[in-house]
Amino acid sequence: QAEPGVDVVAASSGRVRVLGLMGVAANVLLAGLLAREKRFDLVGFLDAAVQQVRPYALQQGVSVISEAAHGETIVADGEQLGQALLNLLLNAVQASAPGGAIRLSGRRDAAGVELVVADAGKGMAPEVQERACDPFFTTRPDGTGLGLALVAAVVQEHGGQLRFDSAIGQGTRVSIVIPQEVAHGAG
């Protein structure tokens with residue numbers, strides 16, 4: 001019998017998913033998001049994410065570049081959004097062959113900020129894309145299935161959207177779209 005407040009769903013594969021517990025963990029992880037939101041430079045933010053993943057990427061023979069217009073800003077919880085970007089970048093490195101390149105880009109328009117991680121790796125089948133953010137779903141033998149679930153939680157807490165554009169053998173493009181309030185200014 002499950003603990004009160006914890007939803008347990010048995011998957012057809014026999015794996016047990018503790019959805020309620022994952023929700024609690026995400027809420028604890030993201031508690032106080034609004035209090036931690038601040039304005040910061042988009043170029044510096046992307047460059048910091050690249051610097052974090054670069055040693056691992058170089059070890060794997062993969063290059064990572066970032067691009068964004070100078071002077072653009074974003075209002076968000078930089079720590080949480082940075083962790084989400086790091087998870088996406090790590091996934092992109094793991095999906096890329098040696099000699100591959102990953103592109104991290106950011107742009108701001110009237111609607112908000114779009115952050116994109118694009119690789120030319122293995123790509124994802126449609127059925128994998130549908131389940132990619134499910135807690136504990138993974139296609140890697142050593143994966144936990146929590147990386148994209150946490151990315152999705154961070155994006156949701158920012159009122160944003162997470163989008164996948166991928167095809168087998170053609171790589172993957174993952175977009176995080178975060179709305180920016182008009183009161184925050186145009187950039």
Side-chain angles (χ1 to χ4, degrees), residues 11 13 15 17 22 26 29-30 42-43 45-69 72 74 76-109 111-179:
S13 67
R15 292 180 77 180
R17 296 171 51 202
M22 183 64 187
L29 180 68
L30 300 170
L42 189 56
V43 171
F45 178 67
L46 298 183
D47 286 345
V50 169
Q51 291 306 315
Q52 282 189 294
V53 78
R54 183 166 279 138
Y56 176 64
L58 290 174
Q59 214 174 39
Q60 305 303 312
V62 176
S63 63
V64 183
I65 59 166
S66 66
E67 56 187 48
E72 296 290 345
I74 181 174
D77 179 332
E79 184 177 324
Q80 293 299 321
L81 194 55
Q83 184 61 52
L85 270 184
L86 181 60
N87 284 343
L88 293 178
L89 288 167
L90 290 171
N91 284 356
V93 170
Q94 292 164 354
S96 297
I102 297 165
R103 182 173 159 239
L104 172 61
S105 62
R107 68 177 185 84
R108 183 179 176 131
D109 61 22
V113 174
E114 180 182 36
L115 307 173
V116 177
V117 175
D119 67 58
K122 302 171 192 169
M124 295 189 297
E127 59 273 10
V128 171
Q129 291 178 55
E130 288 176 22
R131 297 199 54 211
C133 295
D134 289 354
F136 308 112
F137 174 77
T138 184
T139 58
R140 293 191 348 248
D142 61 340
T144 63
L146 294 176
L148 287 176
L150 289 174
V151 170
V154 168
V155 172
Q156 182 178 358
E157 287 295 319
H158 280 81
Q161 296 178 340
L162 182 63
R163 300 177 184 145
F164 294 90
D165 181 14
S166 185
I168 295 292
Q170 296 181 13
T172 300
R173 182 180 190 273
V174 182
S175 303
I176 295 175
V177 180
I178 305 286

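The basis for the numbers below is simple: all heavy atoms, side chains too, and nothing from hydrogens, waters or symmetry mates.
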**Study point:** N-O pairing of Glu67 and Arg103 below 4.0 Å
**Key:**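 Here Glu67 pairs with Arg103 in a salt bridge, since their nearest N and O are under 4.0 Å apart.
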Check your understanding: Under 4.0 Å between a Lys/Arg side-chain N and an Asp/Glu carboxylate O for Asp165 and Arg163?
Key ->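 No salt bridge links Asp165 with Arg163.
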Check your understanding: Can Ser175 and Arg173 be counted as having a side-chain donor-acceptor contact under 3.5 angstrom?
Key ->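 Note: Ser175 and Arg173 side chains meet the donor-acceptor criterion.
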**Study point:** side chain to side chain donor-acceptor pair (under 3.5 Å) partners for Thr172, two or more places apart
**Key:**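 Result, side chain to side chain donor-acceptor pair (under 3.5 Å) vs Thr172: Ser166.
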Between [atom1] of [X] and [atom2] of [Y], what distance do you get to the nearest 0.5 Å?
{"X": "Gln161", "Y": "Ile176", "atom1": "CD", "atom2": "CD1", "answer": "12.0 Å"}
{"X": "Leu88", "Y": "Leu115", "atom1": "CG", "atom2": "CG", "answer": "9.0 Å"}
{"X": "Ile178", "Y": "Arg108", "atom1": "CD1", "atom2": "CZ", "answer": "11.5 Å"}
{"X": "Leu104", "Y": "Asp119", "atom1": "CG", "atom2": "CG", "answer": "12.0 Å"}

Mind listing the closest non-hydrogen atom pair of [X] and [Y] along with its distance?
{"X": "Leu89", "Y": "Val50", "answer": "CD1-N, 4.4 Å"}
{"X": "Val62", "Y": "Ala97", "answer": "CG2-O, 3.8 Å"}
{"X": "Ala68", "Y": "Leu46", "answer": "CB-CD1, 3.7 Å"}
{"X": "Gln80", "Y": "Asp77", "answer": "N-OD1, 3.1 Å"}
{"X": "Ala132", "Y": "Phe164", "answer": "CB-CZ, 4.1 Å"}
{"X": "Val43", "Y": "Ala69", "answer": "CG2-O, 3.6 Å"}

**Study point:** Within residues 51-66 or reaching into it, pairs that qualify as side-chain hydrogen bond (donor to acceptor under 3.5 Å, both in side chains) - sequence neighbours excluded
**Key:**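 side-chain hydrogen bond (donor to acceptor under 3.5 Å, both in side chains) check on residues 51-66 returns Asp47-Ser66.
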I want to check something: taking the side chain as every heavy atom from C-beta on, are [X] and [Y] in contact at a cut-off of under 4.5 Å?
{"X": "Leu148", "Y": "Asn87", "answer": "no"}
{"X": "Ile74", "Y": "Leu81", "answer": "yes"}
{"X": "Arg140", "Y": "Gln94", "answer": "yes"}

Review point. Applying the side chain to side chain contact (heavy atoms under 4.5 Å, CB included) test to Val53, which of Ile102, Leu86, Leu58, Val117 qualifies?
Key: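 With Val53 as partner, side chain to side chain contact (heavy atoms under 4.5 Å, CB included) holds for just one option, Leu86.
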Practice item. Take Leu146 and Phe136 through the test side chain to side chain contact (heavy atoms under 4.5 Å, CB included) and record every step on the way to the result. Key: CA-CA 6 Å; Leu146 294 176; Phe136 308 112; 3.7 Å; yes
